[in-house]
Amino acid sequence: MKVLVVGSGGREHALAWKLAQSPKVQAVYVAPGNGGTALDARLENINITDIQELRSWAVSQKIALTVVGPEQPLAAGIVDEFRMHGLRVFGPTKAAAQLESSKAFSKAFMKRHHIPTARYEIFSDAVAAHAYIDEQGAPIVVKADGLAAGKGVVVAMTLHEAHEAIEFMLASGPDQNVLGVAHNQDADGKVSPRVVIEEFLQGEEASFIVLCDGKNVTAMATSQDHKRLLNGDQGPNTGGMGAYSPAPVVTPEVHGRVMREIIMPTIKGMEKDGIPFTGFLYAGLMIDAQGKPKALEFNCRMGDPETQPIMMRLKTDLYEVMMAATSGTLDQVELEWDRRPALGVVMAAAGYPLNPRNGDAVHGLPKAAEDVLVFHAGTREQDGVTVTAGGRVLCVTALGSTVKAAQHRAYEVAQGIHFDGVQYRKDIGHRAIKA
Ligand code: AMP
Ligand code: GLY
């Protein structure tokens with residue numbers, strides 16, 4: 001069978017790597033892929049990003065299964081387009097993808113279906129937003145409404161920061177704010193910048209990702225991301241600087257609560273609202289000291305970098321899982337996991353997250369080993385050399401008998417890789433190690 005993975009990040013490299021291991025899969029194409037998927041003899045990059053063009057290519061190639069990695073093509077309706085032409089594709093429709101693409105939609109959805117989340121208000125008027133912040137006090141969280149790759153969120157510890165975030169998000173350019181976040185458009189194309197201002201939640205975060213076939217739900221292994229750029233969870237938010245699986249904070253009891261209180265009400269709520277959810281559903285959770293989970297956000301896809309350690313731990317044939325997930329037979333699938341934890345360290349380009357520099361040569365990439373893989377993200381091949389071509393460049397992912405052992409192994413390999421201006425955190429996994 002021929003399989004297509006849509007996207008170009010570390011997540012897509014990991015999904016493609018895993019799909020290629022299936023004895024039923026003869027070819028894995030990645031559109032558009034990256035320097036790492038170009039190097040891998042079992043993968044082939046396809047340089048098409050336009051959705052209709054990709055669909056007609058997939059029809060002509062008789063692609064048996066398409067797995068979509070990132071949120072943008074999902075929000076643009078790639079699943080609707082592929083399905084309309086009889087292609088088998090795993091992901092949510094454009095309507096269902098609003099759970100991620102619009103914070104205003106997802107917060108209203110959670111309120112309507114009694115899914116625990118932070119209290120919030122939505123504003124498009126800056127004066128009212130400033131007044132609300134003064135009334136609520138700090139710390140407080142300000143979120144741009146629209147896809148922002150995890151970068152449209154300001155966790156303001158002071159009133160000053162919160163007011164500044166409002167200025168940034170509501171008071172600048174007509175099409176996007178200075179953070180580069182596209183504003184939502186209404187039905188007749190009018191651009192309406194909006195912010196969600198919400199209660200600051202305390203606790204520990206975890207990524208809880210499930211597969212949905214429309215009726216059945218199967219949980220993936222849990223994981224934890226590290227959103228901040230710098231050691232000790234300091235600095236600006238990023239797409240994610242490293243992750244590990246499993247997350248000890250998700251005890252079996254917490255796991256049960258998340259399924260009962262967040263995941264199932266979401267799947268049932270979407271069904272009730274007439275937009276049944278298929279695809280990966282990712283709940284970003286905050287778990288308080290009593291083990292009560294609240295949903296910080298939903299994503300309608302796998303996490304990046306969470307996918308990299310999760311795929312390293314998955315023992316079940318991913319192709320078989322995806323076939324079941326696109327046939328409504330997920331109830332017949334039991335996922336099997338490597339008992340060893342896995343941990344991934346993201347190596348980012350100079351200037352990430354605001355202004356990543358491209359074109360730096362990457363040296364010292366190791367050969368793959370049973371217990372360590374270097375998944376590529378922002379890289380490309382240039383005359384036989386791998387060069388940086390994006391913010392997050394690589395994710396060095398290792399298995400170990402403990403989180404500490406996995407961490408040690410990942411850093412051992414990361415230290416041997418170099419490119420000018422490389423940035424990476426030295427403390428990925430610190431919470432699990434403390435636990
Ligand atoms: P989001 O894109 O909504 O997940 O937000 C990005 C990051 O901001 C999260 O991973 C959290 O670290 C932080 N964050 C978001 N909302 C809140 C909140 N209500 N309270 C505390 N931290 C938050
Ligand atoms: N790592 C966070 C995300 O994928 O949204």
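In listed order, ligands and their atoms are each counted from 1. What you see below is based on every heavy atom in this structure, not just the backbone, and it leaves out hydrogens, waters and symmetry mates.
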Under 4.0 Å from one or more heavy atoms of Gly239, ligand 2 contributes atoms 1 (N), 2 (C)
Need the ligand 2 atom indices (1-based, order shown) with element for anything under 4.0 Å from a heavy-atom of Gly303. 4 (O)
When you measure from the side chain of Asp427 to the backbone N and O of Gly232, does any donor-acceptor pair fall under 3.5 Å? yes
Could you tell me which atoms of ligand 2, counted from 1 in the order shown, lie closer than 4.0 angstrom to a heavy atom of Asn299? 5 (O)
Of Met286, Glu205, Glu297, the one whose closest heavy atom lies nearest atom 4 (O) of ligand 1 is Glu297
Heteroatom proximity flag, Met302 to ligand 2, N/O under 3.5 Å: no
Can a donor-acceptor pair be found between the side chains of Ser22 and Asp317 at a distance below 3.5 Å? yes
Should the ring pair Phe208 and His255 be called parallel, tilted or perpendicular, given that the plane angle runs from 0 to 90° and is split at 30 and 60? tilted
For residues Thr386 and Glu381, is any side-chain donor paired with an opposing acceptor at under 3.5 Å? yes
Would you mind finding which of Leu296, Asp233, Val196, Val153 brings a heavy atom closest to atom 6 (C) of ligand 1? Val153
With heavy atoms only and a cut-off of under 4.0 Å, state how Gln202 meets ligand 1: side chain, backbone, both or neither. neither
Checking Thr238 side chain against Pro353 main chain: does a donor-acceptor pair fall under 3.5 Å? no
Taking only heavy atoms of Pro305, which atoms of ligand 2 are found under 4.0 Å from at least one of them? 1 (N)
Students often mix this up, so state it plainly: with edges at 30° and 60°, are the rings of Phe109 and Phe298 parallel, tilted or perpendicular? perpendicular
Would you mind listing which atoms of ligand 1 come within a distance below 4.0 Å of any non-hydrogen atom of Glu198? 16 (N), 17 (C), 18 (C), 19 (N)
Here the atoms of ligand 2 under 4.0 Å from any heavy atom belonging to Asp225 are 1 (N), 2 (C)
Please work out, at 4.0 Å between heavy atoms, whether the side chain, the backbone, both, or neither of Leu201 comes within that distance of ligand 1. both
Check whether any N or O atom of Glu297, backbone or side chain, sits under 3.5 Å from an N or O atom of ligand 2, and answer yes or no. no
Atoms of ligand 2 close to Arg301 [distance to a heavy atom under 4.0 angstrom, numbered from 1]: 3 (C), 4 (O), 5 (O)
Pairs of nitrogen or oxygen atoms closer than 3.5 Å, one from Asp304 and one from ligand 2: do any exist? yes
Mark up the atoms of ligand 1 that fall under 4.0 Å of a heavy atom belonging to Glu199, in ascending order. 18 (C), 19 (N), 20 (N)
Would you find a donor on one side and an acceptor on the other, under 3.5 Å apart, between the side chain of Arg392 and the backbone of Ala377? no
Just by distance, no angles: are the side chains of His430 and Asp233 close enough, under 3.5 Å, to form a donor-acceptor pair? yes
Is a side-chain N or O of Ser245 found less than 3.5 angstrom from the main chain of Thr222, in a donor-acceptor match? yes
Check: His226 side chain, Gly242 main-chain N or O, donor-acceptor pair, under 3.5 Å: yes
Note: ligand 1 atoms sitting under 4.0 Å from heavy atoms of Asn237 are 7 (C), 8 (O)
Quick one: does Ser102's side chain have a donor or acceptor within less than 3.5 Å of a partner on Gln98's backbone? no
Proximity flag Arg228 to ligand 1, non-hydrogen atoms under 4.0 Å: no
Which atoms of ligand 1 have any heavy atom of Lys143 under 4.0 Å away? 3 (O), 15 (C), 16 (N)
Atoms in ligand 2 flagged as close to Glu306, the criterion being non-hydrogen separation under 4.0 Å: 1 (N), 2 (C), 4 (O)
For the residue pair Glu167 and His130, confirm or rule out a side-chain donor-acceptor distance under 3.5 Å. yes
At a 4.0 Å threshold, what atoms of ligand 2 neighbour a non-hydrogen atom of Lys227? 2 (C)
Between Asp225 and ligand 1, which part of the residue brings a heavy atom under 4.0 Å of the ligand: side chain, backbone, both or neither? neither
How does Arg11 reach ligand 2, if at all, at less than 4.0 Å between non-hydrogen atoms: by side chain, backbone, both, or neither? neither
Among Asn299, Thr117, Val141, which residue places a heavy atom closest to atom 18 (C) of ligand 1? Val141
What pair of heavy atoms forms the shortest contact from Pro248 to Ala435, and how long is it? CB-CB, 4.3 Å
Taking every heavy atom of Arg11 against every heavy atom of Asp304, the minimum-distance pair comes out as N-OD2, 3.2 Å
